[in-house]
Enquirer: 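After the structure tokens below, expect a handful of questions from me.
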Amino acid sequence: MDAQTHEVKLPSGKIAVLRDSLTGEDFRVLRGIAVEGKTVRERMDNTENKLFELVVVSLDGSSENVLQRALAGSAGDFGVLSDAASDVRYGRFTKAA
């Protein structure tokens with residue numbers, strides 16, 4: 001079954017498509033990455049990178065190099081994406097009625 005998705009409008013006006021939820025396996029993958037790496041910063045970055053791969057389906061109409069394009073974009077857009085991905089990770093995303 002394909003994951004359900006939702007759109008997030010970024011401060012720049014671009015649209016990102018994110019999955020609505022993660023599977024238990026996705027959660028375990030992220031937890032495993034969180035303990036890999038030499039420094040806390042490295043573990044945090046690796047976990048956030050994988051979270052983007054799992055949650056962000058497309059950015060501005062393209063699914064190519066989403067993480068790299070988000071990092072190269074504005075801090076405002078990246079912050080909104082990061083917060084939205086965290087909401088999905090922890091089950092805090094709910095569709096508006």
Side-chain angles (χ1 to χ4, degrees):
M1 182 172 111
D2 290 335
Q4 297 293 313
T5 61
H6 64 281
E7 291 185 348
V8 173
K9 186 171 183 177
L10 303 175
S12 67
K14 295 177 182 176
I15 301 294
V17 176
L18 281 67
R19 288 174 53 187
D20 289 350
S21 63
L22 295 177
T23 65
E25 183 62 28
D26 295 333
F27 192 88
R28 289 179 79 184
V29 166
L30 289 167
R31 187 177 60 194
I33 291 170
V35 297
E36 297 173 355
K38 295 179 181 177
T39 66
V40 171
R41 175 58 185 244
E42 186 176 280
R43 292 189 299 264
M44 289 173 58
D45 287 347
N46 291 343
T47 302
E48 186 169 54
N49 292 350
K50 186 63 176 180
L51 181 61
F52 264 73
E53 289 177 21
L54 291 170
V55 174
V56 183
V57 176
S58 69
L59 177 59
D60 204 25
S62 172
S63 60
E64 298 293 320
N65 301 314
V66 172
L67 174 62
Q68 292 78 16
R69 292 184 12 240
L71 289 167
S74 73
D77 282 1
F78 188 83
V80 168
L81 278 173
S82 182
D83 289 348
S86 288
D87 287 346
V88 170
R89 178 182 184 182
Y90 293 109
R92 293 186 300 247
F93 169 75
T94 53
K95 284 192 184 253

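Please read these numbers as outputs of a predicted model, since none were measured by experiment.
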Enquirer: Within the side chain of Asp26, is there an N or O that forms a donor-acceptor pair under 3.5 Å with the backbone of Thr23?
Expert: yes
Enquirer: Using every non-hydrogen atom in the two residues, find where Arg89 and Leu22 come nearest and quote the distance to one decimal.
Expert: CA-CD1, 3.7 Å
Enquirer: Would you please name every residue forming a side-chain contact (heavy atoms from CB on, under 4.5 Å) with Ser86, sequence neighbours left out?
Expert: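 For Ser86, the residues satisfying side-chain contact (heavy atoms from CB on, under 4.5 Å) (neighbours in sequence not counted) are Leu51, Arg92.
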Enquirer: Report the distance from atom CG of Leu30 to atom CD of Glu25, rounding to the nearest 0.5 Å.
Expert: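 Output value for this atom pair is 10.5 Å.
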Enquirer: Consider only side-chain heavy atoms of I, L, V, M, F, W and Y, link residues closer than 4.5 Å, and tell whether Val8 and Leu71 are in one cluster.
Expert: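 Yes, Val8 connects to Leu71 through the hydrophobic network.
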Enquirer: Ring-plane angle category for Phe27 and Tyr90, please: parallel below 30°, perpendicular beyond 60°, tilted otherwise.
Expert: perpendicular
Enquirer: What is the distance from atom CD1 of Ile33 to atom CG of Asn46, rounded to the nearest 0.5 Å?
Expert: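 Spacing of CD1 (Ile33) from CG (Asn46) equals 7.0 Å.
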Enquirer: Do the side chains of His6 and Val88 get nearer than 4.5 Å, heavy atoms only?
Expert: yes
Enquirer: Kindly compute the distance separating CG (Leu18) from CZ (Phe52), expressed to the nearest 0.5 Å.
Expert: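 Rounded to the nearest 0.5 Å, the CG-CZ separation comes to 8.0 Å.
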Enquirer: Can you list everything that forms a side chain to side chain donor-acceptor pair (under 3.5 Å) with Asp45? Sequence neighbours excluded, please.
Expert: Arg41
Enquirer: What side-chain donor-acceptor pairs closer than 3.5 Å can you find for residues 53-66, not counting sequence neighbours?
Expert:
unit_1	atom_1	unit_2	atom_2	d
Glu53	OE1	Lys50	NZ	3.4
Ser62	OG	Glu64	N	3.1
Ser62	OG	Arg69	NH1	3.4

Enquirer: Can you tell me how far the OG atom of Ser82 sits from the CG atom of Asp87, to the nearest 0.5 Å?
Expert: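 Between Ser82 OG and Asp87 CG, I get 9.5 Å after rounding to 0.5 Å.
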